Amino acid sequence: MSEFITKEKRTHYCGDLRISHVGETVTLMGWTHRRRDHGGVIFVDLRDRTGIAQVVFNPEKSPMAHTEAHKIRSEYVLAVRGTVITRLEGMENPSLKTGQIEVMVDELEILNESKTPPFMLDEETEISETVRLKYRYLDLRRRHIQRNLLLRDKVATATRNYLHDQGFVEIETPFLGKSTPEGARDYLVPSRVNPGMFYALPQSPQLFKQLLMVSGFDRYYQIVKCFRDEDLRADRQPEFTQIDMELSFISEDDLIDIIEGLMARIFKEGMGLDLTLPFPRLTYGEAISRYGRDNPDRRFGLELKDLTDVLSTSQLKVFAEVASRGGMIKAIKLEDGKRLSRKDLDLLPGYVSDFGAKGLAWARVNEDGWTSPIFKFLTAEEVARINERMDASPGDLIFFVADTPKVVNDALGNLRVHIAEKLGLITPDTYAFTWITEFPMFEYSETEKRFMATHHPFTSPVLEDVPLLLSEPGKVRAQAYDLVLNGSEIGGGSIRIHKSAVQSTVFKALALSDEDVRAKFGFFLDALEYGTPPHGGIAFGLDRIIMIMAGAESIRDVIAFPKTQKATCLLTEAPSAASLAQLMELSLKVV
RNA sequence: GGGGUCGUAGUUAAGUCGGUUAUAACGCCGGCCUGUCACGCCGGAGGCCGUGGGUUCGAGUCCCAUCGACCCCGCCA
């Protein structure tokens, strides 16, 4: 064991030293960020998770330490004792928090050596993600990613403190559970003691938290891992963390109040930011109509306008035909369209085709008409009405998509974000929260040929819509709400069904057979019959919240040990093959 | 399942129309240097051009396959 550590303790973190410490004897421990050997004096930038302090080895002040310091290389682990001194005049480093001072070392111990790291642990060079993930423990030494994880800790702590203040009880729910239908693909875990049987890892603790309401815990929360075996994206990992909660005897508005308080607390303690409350609300219908998506980015305009009524009788066949087949024509307007280069403009049809749009019409508005491939097919009156509805001025650029409502909204909803990003229309460091309410209870699935729950099958319908459950399920609104931040869904929840009769009706609307329902959640229906209080809840994607707060481009930058797009871990090389003995024990066959 | 971008020293990149010895910067190693802070100066080492096959007199470069990383569509109640 190191003599130094048994003899004396670390007294300060590197990044905490300030001019007020001058004159004090301090003991620091950390990693060698950089070494600058001037032949005589040697400088070392000593780094720990709080930052960097310059420590100085002077041959005249401490020959022993100076000699030892010659051995120091990148990432060596050091313990130093010395005196905090003011830097010589003109030698301050304003880019360091500790740049006013330095530590004149009188004793050094090299606690450990290090191989030369495979990449520089500075901020200057971008390292490929393959290399970063393989040496994740080194990547995690780098400042920006360490900052992200420290922010994550602050947010998690703020969440726990706030929720405890609000009377919430933290309760753990099982990871080894039962496969749930109507959702994402489950990760399965074979049961050794029950050959041929499988647990499923939870996609969310949904049923357990509702059972906790039945049990009377009243306010539950958990910061908990959830698992979904689906393909990954920049903002999606197969295991992710939710801030999960459930409350009894509350209305939708009560819950929204509590969550707005939570967000305010998170942003205050995480970033020192004061949010403006309450957050604006949009119904699902408004969101789709104005932004084309249920997760609108409201940091900029470019809203969608419906032109179906204007163009349904147009001479332009594509538009008229789409309208006659029940489709729609919508448009967005970009002020001062010249900001978009010819080349960027040419790429846009390809972009919207990703979302199924067969074309993208455009029009440049002039003093007297349009410059546009479709201009000659339109009457003066149609052009005038479009200009008016789009509130268009000369120089503006209008984009039109005509197709089924889904394609039109997808294409334009994504195009508006694409253009805004391209042109830098989004003010950085702004946080636009919006509640989306009144989601439809069901969506018709073409692949399954039946209605599916939009949120999940335990969501309560809006009470006045209950009579429509079986007759017109497509018209039923749910008491469900999402919280959207800067175009990302960061959380979603609902008031739940607490009456077993309503729950049975919803299962009927979903065309689930009694046997199916019984087998899958008979236990839950039973529980509903033992005095279930009215309740509701919500769950937040912690990773996504941190991602937005940190300005990270990928969810992987806010998770300590993330998976690649193929759901592998480059560090541990998981997943890996199991031995024959393991498989046999689990009664699994080798393919 | 589909579309796209990428893969060259430890790292980040360049590499022209297919041409002879594959460049640079940083890092690394050695030497010099007492005030630097991405220290500086001098010298040096370091390559399965992702892998396999093909075309060619000749392939880092062209073609095919394959592996891997990333972005997107589908998917993700």
Side-chain angles (χ1 to χ4, degrees), chain A residues 33-46 52-61 66 73-75 85 87-96 98-99 102 104 115-135 138 180-186 203-204 206 226-238 240 350-357 407 410-411 414 418 439-443 445-448 451-459 478 480 482 489 492-494 506 510 539 541 553-554 556 563-566 568 570:
Chain A
H33 191 66
R34 274 205 182 82
R35 182 190 64 134
R36 291 177 293 280
D37 183 346
H38 286 256
V41 68
I42 296 172
F43 299 99
V44 166
D45 291 339
L46 194 65
I52 283 173
Q54 172 164 281
V55 301
V56 187
F57 299 90
N58 189 315
E60 286 157 14
K61 300 268 167 61
H66 180 261
R73 295 291 180 275
S74 284
E75 299 306 312
I85 59 172
R87 290 203 186 186
L88 298 174
E89 185 139 357
M91 295 301 158
E92 302 89 355
N93 184 348
S95 60
L96 287 181
T98 60
E102 60 193 7
M104 185 59 73
K115 287 171 73 173
T116 302
F119 51 86
M120 294 270 282
L121 303 184
D122 57 21
E123 303 290 297
E124 320 301 331
T125 35
E126 294 258 322
I127 312 297
S128 77
E129 219 169 338
T130 320
V131 179
R132 287 176 55 199
L133 291 178
K134 183 172 175 193
Y135 299 95
L138 296 179
T180 50
E182 301 274 312
R185 197 174 290 116
D186 285 318
Q203 300 174 27
S204 98
Q206 185 60 36
C226 300
F227 306 85
R228 291 176 191 176
D229 187 6
E230 296 292 347
D231 285 355
L232 290 81
R233 285 283 192 286
D235 62 351
R236 260 166 35 194
Q237 283 273 302
F240 58 98
Y351 179 77
V352 295
S353 75
D354 284 353
F355 303 95
V407 169
D410 270 1
N414 285 295
H418 182 71
F439 275 78
M441 186 79 182
F442 308 106
E443 281 167 332
S445 161
E446 290 298 335
T447 41
E448 300 264 331
F451 280 98
M452 311 275 283
T454 307
H455 193 58
H456 58 58
F458 316 106
T459 299
D482 277 1
E489 180 205 323
S494 61
V506 168
L510 289 168
E553 287 190 1
S554 155
R556 297 181 297 278
K563 302 281 189 288
T564 68
Q565 201 179 48
K566 283 219 175 128
T568 64
L570 296 179

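Numbered from 1 within each chain, the chains take letters A, B, ... in sequence-line order. Bear in mind the structure is a predicted one, so any value in this text is a computation, not a measurement.
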Response to the item:
Residue set satisfying salt bridge (Lys or Arg N to Asp or Glu O under 4.0 Å) with A/R236, at least two apart, ordered chain then number -> none
Worksheet item: Taking the same atom, P, in B/A59 and in B/G53, what whole-Å distance lies between them?
Response: 13 Å
Item to complete: Starting from P on B/C72, measure out to CZ on A/R233 and report it in whole angstrom.
Response: 6 Å
Discussion item. Need one value for A/E443: base, sugar-phosphate or nothing, where a base atom within 4.0 Å counts as base even if backbone is also close, heavy atoms only.
Written reply: nothing
Item to complete: Identify, with sequence neighbours excluded, every residue that meets side chain to side chain contact (heavy atoms under 4.5 Å, CB included) alongside A/P238.
Response: A/Y187, A/L232, A/K563, A/A567
Worksheet item: Counting N and O atoms only, with roles assigned by atom type, does the side chain of A/E230 sit under 3.5 Å from a partner on the main chain of A/R185, one being a donor and the other an acceptor?
Response: yes
Worksheet entry | Whether over 12 other heavy atoms sit under 6.0 Å from A/E123 CD | yes
Worksheet entry | Any A/S128 side-chain nitrogen or oxygen under 4.0 Å from OP1 or OP2 of B/U12 | yes
Worksheet item: Is there a side-chain polar atom (N or O) of A/R36 under 4.0 Å from OP1 or OP2 of B/U36?
Response: no
Fill in: For B/C75, the Watson-Crick or wobble counterpart (both distances under 3.5 Å)
none
Fill in: B/U21: pairing nucleotide in any strand, Watson-Crick or G-U under 3.5 angstrom
none
Extract from the structure each pairing of a protein N or O with an N or O of nucleotides 43-46 of chain B at less than 3.5 Å, listing the distance.
none

Item to complete: Please answer whether the main-chain N or O of A/A184 pairs with a side-chain N or O of A/Q203 as donor and acceptor at a distance below 3.5 Å.
Response: yes
Worksheet item: Does B/G60 pair with anything, Watson-Crick or G-U wobble, both distances under 3.5 Å, and if so, with which nucleotide?
Response: none
Worksheet entry | Closest listed nucleotide, where the reference is the side chain of A/R556 and the choices are B/A77, B/G35, B/C71 | B/C71
Discussion item. If you go through the side-chain atoms of A/R87, does one of them form a donor-acceptor pair with the base of B/C37 closer than 3.5 Å?
Written reply: yes
Worksheet item: Heavy atoms under 4.0 Å, any strand shown: does A/E123 hit a base, just sugar-phosphate, or nothing?
Response: nothing
Worksheet entry | A/T98 side chain to A/I52 backbone, donor-acceptor under 3.5 Å | yes
Discussion item. Please name the nucleotide paired to B/C26 by Watson-Crick or G-U wobble geometry with both distances under 3.5 Å, or report none.
Written reply: B/G10
Worksheet item: B/A69, B/G35, B/C71: which one has an atom nearest the side-chain heavy atoms of A/A234?
Response: B/C71
Item to complete: List in chain and number order the residues that pass salt bridge (Lys or Arg N to Asp or Glu O under 4.0 Å) with A/R233, two or more places apart in sequence or in another chain; answer none if no residue qualifies.
Response: none
Worksheet, complete the sentence: A/D122 meets the side-chain hydrogen bond (donor to acceptor under 3.5 Å, both in side chains) criterion, sequence neighbours left out, with A/R34
Worksheet entry | Distance, nearest 0.5 Å, that separates CG of A/L570 from CD of A/E129 | 9.0 Å
Worksheet item: Counting only distance, no hydrogens or angles, is the base of B/G35 paired donor-acceptor with the side chain of A/E102 under 3.5 Å?
Response: yes
Worksheet entry | A/D482: partners by side-chain hydrogen bond (donor to acceptor under 3.5 Å, both in side chains), with sequence neighbours left out | none
Worksheet item: Toward the 5' end of RNA chain B, which comes first, A/K566 or A/D410, by nearest nucleotide?
Response: A/K566
Worksheet item: Which residues satisfy the salt bridge (Lys or Arg N to Asp or Glu O under 4.0 Å) test with A/R228, sequence neighbours excluded?
Response: none
Discussion item. By nearest atom, which of the nucleotides B/C76, B/U11, B/G35 is closest to the A/I127 side chain?
Written reply: B/U11
Every protein N/O within reach of nucleotides 3-9 of chain B N/O, cut-off under 3.5 Å:
none

Practice prompt. Please check the phosphate of B/A69 (OP1 and OP2 only) for any side-chain N or O of A/T564 closer than 4.0 Å.
Written response: yes
Discussion item. Can you identify which nucleotide, out of B/A77, B/G74, B/G35, has its nearest atom closest to the A/P457 side chain?
Written reply: B/A77
Worksheet item: Which is true for A/N93 with a 4.0 Å heavy-atom rule: it touches a base, it touches only sugar-phosphate, or it touches nothing?
Response: base
Worksheet item: Among all residues two or more places apart in sequence or in another chain, which pass the side-chain hydrogen bond (donor to acceptor under 3.5 Å, both in side chains) test with A/N414?
Response: A/R293
Discussion item. Using whole Å, what does the distance between atom P of nucleotide B/C26 and atom CG of A/D122 come to?
Written reply: 13 Å
Item to complete: Treat primed atoms plus P, OP1 and OP2 as sugar-phosphate and everything else as base, then score nucleotides 27-34 of chain B 5' to 3': B for base contact with protein heavy atoms under 4.0 Å, S for sugar-phosphate contact only, - for none.
Response: SSSS--BB
Worksheet entry | Non-neighbouring partners of A/T568 that pass side-chain hydrogen bond (donor to acceptor under 3.5 Å, both in side chains), sequence neighbours left out | A/T564
Item to complete: Measure from the ring centre of A/F119 to the centre of the six-membered ring in the base of B/U11, then say whether that distance is under 5.5 Å and the planes meet at under 30°.
Response: no
Worksheet item: When all nucleic acid strands are considered with a 4.0 Å heavy-atom cut-off, which category describes A/T98: base, sugar-phosphate, or nothing?
Response: nothing
Worksheet item: Looking at A/R236, does any N or O in its side chain come under 4.0 Å of the phosphate oxygens OP1/OP2 on B/C75?
Response: no
Response to the item:
Residue set satisfying salt bridge (Lys or Arg N to Asp or Glu O under 4.0 Å) with A/E92, at least two apart, ordered chain then number -> none
Discussion item. I want to confirm an ordering. Mapping A/L570 and A/V56 to their closest nucleotides on RNA chain B, which one lands closer to the 5' end?
Written reply: A/V56
Response to the item:
Checking N1-N3 plus N6-O4 or O6-N4 for Watson-Crick, or N1-O2 and O6-N3 for wobble, each under 3.5 Å, the partner of B/U5 is B/A69
